[in-house]
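Single-structure report; data block below.
Start at 1 with the first residue, then count along the sequence.
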Amino acid sequence: MAVHHHEGIKCVGLEDCCDFSSSSDLCICMVTWNMNGQVRYEDIEKLVGIRDHQRRFDLLAVGLQEAPRKDISRLLQTALVQTHVLLGKAVMQSVQLYVFGPKNKSEVFLKEVKMDKHGVGGFGGLVRRKKGAVGIRMKYKGVGLLFISCHLSAHAGKVEERNREWREISRSLFSEEWNPYSRPPHVTVWLGDLNYRLQGIAASPAATLMHHNLHQQLTSKDQLLQEAERGQVFNGYLEGILTFKPTYKFDIGSSTYDTSHKVRVPSWTDRILFKIEELDNIQASLHSYESIDTIHSSDHRPVQAHLCFKLSQACSSQTQHSN
């Protein structure tokens, strides 16, 4: 895994396309999407891969924010019915998380599924649009996994509030079951609308850079990377390099950034970050980190990542023994 060193968060380059199980012990596809209270079944299909051959992964983790008052679990299961089954779900009003595994195989590999949730800051601007996080812990193929879907406070000026919420969620999720003698998860993944914005640039010059496909120059303005560099959040986490354009805020139904009177500065609010314990024993490779630009029903674009793991012989022996 090629890593560009950054204090706090390390930015990871993409490796060649995964050939699935022949070279990896565990492949995970992860998606995060702020739905803005809307859902269309065709968008759910796009989110999980319309055709079966696109689902080249063991596990699928779907983190949602501002999910509508619909049975999203049923829609996801319908879209995945040919290939995957639901292994766990955690729901706190509009913040939701679903983990799916391969059909007819998962019961052999799955152990110790647990769910938790933690709200922060009361309600958002609209009823049911809760801020906070939900989490699912599990062992799959002996690998300890923790998935977290979160929605942090909005608005460019609330950086410290977001930092505080991240720390609070990190401390609080599964804290009632915390055992000082237990090992941390091998892999922790945060999926979410973290709401960190671009700082120190106006919408017009940001749009000019994006128009010329120079959006990567904007990463120096990204609040999340800035706060991580200050040691405030996500220390020791990895994230793919931001090669895709900012995921917020779009005029709904279009590929045009915000044309309302607020003219919000486009930002990478929607992110997927992961942390790996025992790096000496677990070899990770990131094969995609991108936005899904064919879904226009929300003012956010979904973000998808494909992460694969190869366990060392020592780690494989430990996980088999723990099973």
Side-chain angles (χ1 to χ4, degrees), residues 1-3 8-12 15 18 20-32 57-63 87-88 90 97-102 105-116 133-150 166 169-192 233-240 271-289 305-323:
M1 176 178 282
V3 175
I9 294 172
K10 294 179 180 178
C11 298
V12 177
E15 302 197 13
C18 173
F20 197 45
S21 57
S22 62
S23 63
S24 301
D25 293 314
L26 179 61
C27 289
I28 305 175
C29 180
M30 303 164 288
V31 184
T32 184
F57 47 76
D58 292 300
L59 297 180
L60 169 67
V62 180
L87 304 184
L97 176 62
Y98 304 91
V99 178
F100 293 85
K105 295 181 183 177
S106 293
E107 62 273 11
V108 177
F109 299 122
L110 180 67
K111 294 184 183 300
E112 302 175 19
V113 181
K114 296 180 180 179
M115 279 72 79
D116 200 7
V134 294
I136 297 176
R137 286 179 59 173
M138 63 174 61
K139 278 190 175 179
Y140 193 85
K141 292 187 176 180
V143 180
L145 302 166
L146 169 57
F147 297 101
I148 297 168
S149 172
C150 76
W166 179 83
I169 291 165
S170 298
R171 286 194 306 266
S172 300
L173 276 183
F174 299 101
S175 60
E176 292 185 5
E177 301 173 6
W178 185 73
N179 179 343
Y181 302 104
S182 65
R183 292 184 176 183
H186 293 103
V187 181
T188 300
V189 178
W190 283 70
L191 312 153
V233 289
F234 287 104
N235 192 40
Y237 277 77
L238 306 171
E239 182 185 22
R271 310 287 274 268
I272 299 174
L273 300 103
F274 56 98
K275 187 174 186 178
I276 303 168
E277 302 290 340
E278 301 181 28
L279 270 170
D280 293 339
N281 291 325
I282 300 177
Q283 180 183 340
S285 55
L286 184 66
H287 299 281
S288 71
Y289 188 43
H306 182 181
L307 186 62
C308 294
F309 302 99
K310 185 76 174 173
L311 309 184
S312 71
Q313 199 163 9
C315 189
S316 295
S317 299
Q318 288 175 9
T319 55
Q320 287 171 11
H321 180 72
S322 68
N323 286 337

For this session: Could you point out which residue of Val134, Ile136, Val189 forms a side chain to side chain contact (heavy atoms under 4.5 Å, CB included) with Ser149?
Result: Val134
Problem set entry | Separation between CG of Asn235 and NZ of Lys275, rounded to the nearest 0.5 Å | 6.5 Å
Exercise. How many angstroms lie between CZ in Phe274 and CD in Glu239, if you round to the nearest 0.5 Å?
Worked result: 9.0 Å
Exercise. Got a donor-acceptor contact below 3.5 angstrom from the Asp58 side chain to the Ile28 backbone?
Worked result: no
For this session: Write down the atom of Glu15, the atom of Ala284, and the distance for their closest heavy-atom approach.
Result: OE2-O, 4.2 Å
For this session: Kindly compute the distance separating CZ (Phe174) from CZ (Arg137), expressed to the nearest 0.5 Å.
Result: 6.0 Å
Exercise. Of all heavy-atom pairs between Leu87 and Met138, which one has the smallest distance, and what is that distance?
Worked result: CB-CE, 4.4 Å
Problem set entry | Side chain to side chain, Cys11 and Tyr289, heavy atoms closer than 4.5 Å | no
Problem set entry | Aromatic plane relationship, Tyr237 with Trp166 - under 30° parallel, 30 to 60° tilted, over 60° perpendicular | perpendicular
Problem set entry | Side chains of Phe309 and Val143 in contact at under 4.5 Å (non-hydrogen atoms) | no
Exercise. Between Ser175 and Asp116, what is the shortest heavy-atom contact and its length?
Worked result: N-OD2, 4.4 Å
Exercise. Would you say the side chain of Ile148 lies within less than 4.5 Å of the side chain of Leu97, judging by non-hydrogen atoms?
Worked result: no
Problem set entry | Minimum heavy-atom distance between Ser106 and Pro102, given as atom pair plus value | OG-O, 2.9 Å
For this session: Show your working on side chain to side chain contact (heavy atoms under 4.5 Å, CB included) between Trp190 and Ile169 and close with a plain yes or no.
Result: CA-CA 11 Å; Trp190 283 70; Ile169 291 165; 3.4 Å; yes
Seminar exercise, completed: Note: Cys308 and His287 closest approach over all heavy atoms is SG-CD2, 3.6 Å
Exercise. Looking only at heavy atoms, what is the nearest atom pair of Leu238 and Ile9, with distance?
Worked result: C-CG2, 4.5 Å
For this session: With rounding to the nearest 0.5 Å, note down the distance linking SG in Cys29 to CG in Leu59.
Result: 10.5 Å
For this session: Check for a donor-acceptor pair, side chain of His186 on one end and backbone N or O of Gly144 on the other, with a separation under 3.5 Å.
Result: yes
For this session: Hey, could you give me the CG/CG distance between Leu110 and Leu145, rounded to the nearest 0.5 Å?
Result: 10.0 Å
For this session: May I ask you to decide if Leu26's main-chain N or O and Lys141's side chain share a donor-acceptor pair within less than 3.5 Å?
Result: no
Problem set entry | Atom pair OG/CZ of Ser24 and Phe57 - distance to nearest 0.5 Å | 14.0 Å
